[in-house]
Structure formats: C-alpha cells, structure tokens
Amino acid sequence: MADSRVAIVTGAARGIGAATAKRLAEDGFAVAVIDLDEKQCADTVSAIESGGGKALAVGCDVSDAAQVQAAVDRIAAELGGPTVLVNNAGVIRDNMLFKMSEDDWDMVMNVHLRGAFLMSRAVQKHMVEAKWGRIVNLSSTSALGNRGQANYSTAKAGLQGLTKTLAIELGKFGVTANAIAPGFIATDMTKATAERVGMDFEDFTKAAASQIPVARVGQPDDIANTVSFFADDRSGFVSGQVIYVAGGPKA
C-alpha cells in the first residue's frame, strides 16, 4: 500500500508543488521534495514532518541529466525506489513573439519538457521493477494557446503528448501517466503575471474569477487533490488523460 511507497514532486518548494507534496504525504507516501535550491525546500519538508510524514529535500536542476540521475539515485537510497512522479517544476518567461528571446524560449522548454523527460526516464526503472507506478505531468490551460506565452503554451502542449506516449509505452508494466492542466491558480507565478501586466493581484484575481464558471480562482490544493486521485490505486484504469482543473470546461 501507499505507506511503503515513495513519491517525487519537482518544483515543490512552494505553490502547487508544495501543496501536492503535503497532500501525498497525507496519503501515506514518503515524499522527495525537489527544487532548484535544496534550502528552499525546508518549509515543505518541515510541514510534512510536523504532520507525522516522511520527506527529503533534494536540490536539483531538472534540465540537467547528471543532476537528475544523482537526485533519483539519492532518493532511492534514502527513501526507497520512487513509484510516483509529479513533474511540476516550471518557469515563465512571458513575452510577445517579436520580443521573445531564444534564451526565453530555451529556458521554458528545458525546465518543462526536457525536465519532465529526464525525470520520467530516470524514475521509470523503479516503477517497472515495482510493476506499479504513477506519472503526473503538470500541463496548463495555456496549452490551448495564450497571448504572450508562445514558449509556455508550446511546452505545456508538448507535455500532453509526452503524457500520452508514456501511457502507451509503460502501461504494460502497471504504470499510468496522466496530465493535469490547471486554469488560474493563485500562486507566486500568477502574482508575477499580474506584475508583468501592471495589475494589483487582488484585482487580477477578481477579473479572472469573473470569467470562471465556478466564480472563483483555483488554489494549489485544487491541483493537489487531483494529483492525489491519479496517484491512487483506484485510478489504475485511467491513463493517458488530460484533465482540465480550471473551474469550468476548457477542452
């Protein structure tokens, strides 16, 4: 059962990643909390441990193959073979196409797409050996297209293709792969977007909520709850799917 299983959440120092790591710990997983700076993971780890859970902070640049392999090897040695992977690490470098630099494009591709590929490749070995695994990739409603986000939209759409292919390749080993596409979630990242467009964050969220059928913006726990479902035994016949968690229909 889950109490003997190990989960990895990337980009787990804050926001959606932190909420997801805490939720998986509540579900009985030992959780490896990965972020670029290991020290930034302390709050998430502390919250898990104070709740009686087990967690490990790991510093890793998910776009660096050597760092990814070292991180997964360390997690396997200290916590056990990981069988749940949540590819959440992400960055934004928003700009209109004519202003977007190659570095802005490459940074977003490397963290979101290369990172998810490298992490999935490194962790799948442990899942195959266990004959059980769950991969959850964080896409976005921006995968449907979003002004000023050519790089981010492309990366998030690419993650949906990766998800479906992983589901096909790994299914026979008891591994499912699914993607979650959040809509507007109140995080540091959306605060940064508000700043970029010159809006007060409260006004920004009110404007967003007015366009959402359930009349509110999302919270990190809304995504964490969906990850929890995908990581559970009960979701074993659900694979290769993209669920839009956006307060209304998106795709």
Side-chain angles (χ1 to χ4, degrees), residues 5-12 15-17 19-21 23-24 29 32 34 62-63 65 68 72 82-92 108-128 130-146 149-183 185 189 218 220 222-246 249-251:
R5 288 177 176 158
V6 176
I8 295 175
V9 183
T10 68
I16 290 171
T20 296
R23 177 57 199 264
L24 291 176
F29 291 90
I34 288 185
V62 296
S63 69
V68 165
V72 173
T83 53
V84 169
L85 170 63
V86 182
N87 285 311
N88 169 73
V91 295
I92 51 172
V108 171
M109 291 301 145
N110 284 340
V111 175
H112 292 268
L113 277 178
R114 180 180 168 88
F117 155 65
L118 291 173
M119 288 298 306
S120 299
R121 188 180 65 177
V123 173
Q124 58 84 29
K125 168 177 166 287
H126 297 282
M127 297 178 175
V128 170
K131 296 183 175 59
W132 190 93
R134 300 284 186 264
I135 297 173
V136 183
N137 294 321
L138 268 292
S139 180
S140 168
T141 54
S142 293
L144 302 171
N146 199 32
Q149 288 194 316
N151 49 4
Y152 188 77
S153 295
T154 302
K156 291 306 195 181
L159 281 169
Q160 296 188 15
L162 174 64
T163 298
K164 291 175 183 296
T165 302
L166 293 177
I168 292 166
E169 290 191 10
L170 298 175
K172 65 182 178 182
F173 302 108
V175 179
T176 66
N178 291 286
I180 297 170
I185 308 296
M189 193 175 281
D222 290 313
I223 307 306
N225 291 335
T226 311
V227 174
S228 176
F229 166 71
F230 280 137
D232 193 89
D233 278 325
R234 290 171 293 182
S235 65
F237 202 54
V238 182
S239 195
Q241 301 306 302
V242 181
I243 182 167
Y244 283 79
V245 183
K250 282 289 179 179

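- Here the shortest heavy-atom pairing between Asn178 and Gly240 reads OD1-N, 3.3 Å.
- By the salt bridge (charged side-chain N to carboxylate O under 4.0 Å, His left out) test, Lys125 is found to be paired with Glu129, residues two or more places apart in sequence or in another chain being considered.
- The OG1 atom of Thr141 lies 8.5 Å from the CD1 atom of Ile185; values are rounded to the nearest 0.5 Å.
- By the 4.5 Å heavy-atom criterion applied to side chains, Ile223 and Ile180 are counted as neighbours.
- Applying the side-chain hydrogen bond (donor to acceptor under 3.5 Å, both in side chains) rule to Arg134 yields no partners; only residues at least two apart in sequence or on another chain are considered.
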Next item on the list: Give the intermediate values and the outcome of side chain to side chain contact (heavy atoms under 4.5 Å, CB included) for residues Val108 and Val91.
Entry: CA-CA 6 Å; Val108 171; Val91 295; 4.2 Å; yes
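- Looking only at side-chain heavy atoms (C-beta outward), Leu166 and Asn137 come within less than 4.5 Å of each other.
- With Gln241 contributing its side chain and Ser239 its backbone, the two residues share a donor-acceptor pair below 3.5 Å.
- Ala21 pairs by the side-chain contact (heavy atoms from CB on, under 4.5 Å) definition with Val9, Ala12, Val31, Val33, Thr44, Ile48, not counting sequence neighbours.
- With sequence neighbours excluded, the residues satisfying side-chain contact (heavy atoms from CB on, under 4.5 Å) with Asp232 are Arg234.
- Residues Leu159 and Leu138 form no side-chain contact, since every pair of their non-hydrogen atoms from C-beta on lies 4.5 Å or further apart.
- Between Tyr244 and Leu144, some side-chain heavy-atom pair lies under the 4.5 Å cut-off.
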Identify each donor-acceptor pair in which a side-chain atom of residues 113-123 lies under 3.5 Å from a protein atom, sequence neighbours left out, and give them as a table.
residue, atom, partner, partner atom, Å
Arg114, NE, Ser63, O, 2.6
Ser120, OG, Asn87, ND2, 3.3
Ser120, OG, Ala116, O, 2.7

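- Not counting sequence neighbours, Thr83 has no partner by the side-chain hydrogen bond (donor to acceptor under 3.5 Å, both in side chains) test.
- Under the side chain to side chain contact (heavy atoms under 4.5 Å, CB included) rule, Val86 has a single partner from Ile135, Leu24, Ile34, which is Leu24.
- Between Asn88 and Val227 there is no side-chain heavy-atom pair separated by less than 4.5 Å.
- Applying the salt bridge (charged side-chain N to carboxylate O under 4.0 Å, His left out) definition to pairs two or more places apart or across chains, none involves residues 151-172.
- Take Ala89 and apply the side-chain contact (heavy atoms from CB on, under 4.5 Å) test, not counting sequence neighbours, and it matches Thr10, Val62, Val111.
- Under the 4.5 Å side-chain criterion, counting only non-hydrogen atoms from C-beta, His126 is not in contact with Val6.
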Notebook entry, point to check: Ile16 and Met189: side chain to side chain contact (heavy atoms under 4.5 Å, CB included), yes or no, with the steps?
Noted result: CA-CA 10 Å; Ile16 290 171; Met189 193 175 281; over 6 Å; no
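- Here Phe230 pairs with nothing under the ring-ring contact (aromatic ring centres under 6.0 Å, His included) rule; sequence neighbours left out.
- Ser235 and Phe229 make their closest contact through OG-O, 3.0 Å (heavy atoms, listed as atom of the first residue, atom of the second, distance).
- Side-chain contact between Asn151 and His112: absent, with no pair of heavy atoms (C-beta onward) separated by less than 4.5 Å.
- The closest side-chain heavy-atom distance from Arg5 to Val84 is not below 4.5 Å.
- In terms of the side-chain hydrogen bond (donor to acceptor under 3.5 Å, both in side chains) criterion, residue partners of Ser228 (sequence neighbours excluded) are, by chain and number, Arg23, Asp27.
- Remark: Asp222 engages Arg216 in a side-chain hydrogen bond (donor to acceptor under 3.5 Å, both in side chains) (not counting sequence neighbours).
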Note to self: Apply side chain to side chain contact (heavy atoms under 4.5 Å, CB included) to residues Leu170 and Met127 and explain how you reach the verdict.
What the structure shows: CA-CA 9 Å; Leu170 298 175; Met127 297 178 175; 5.5 Å; no
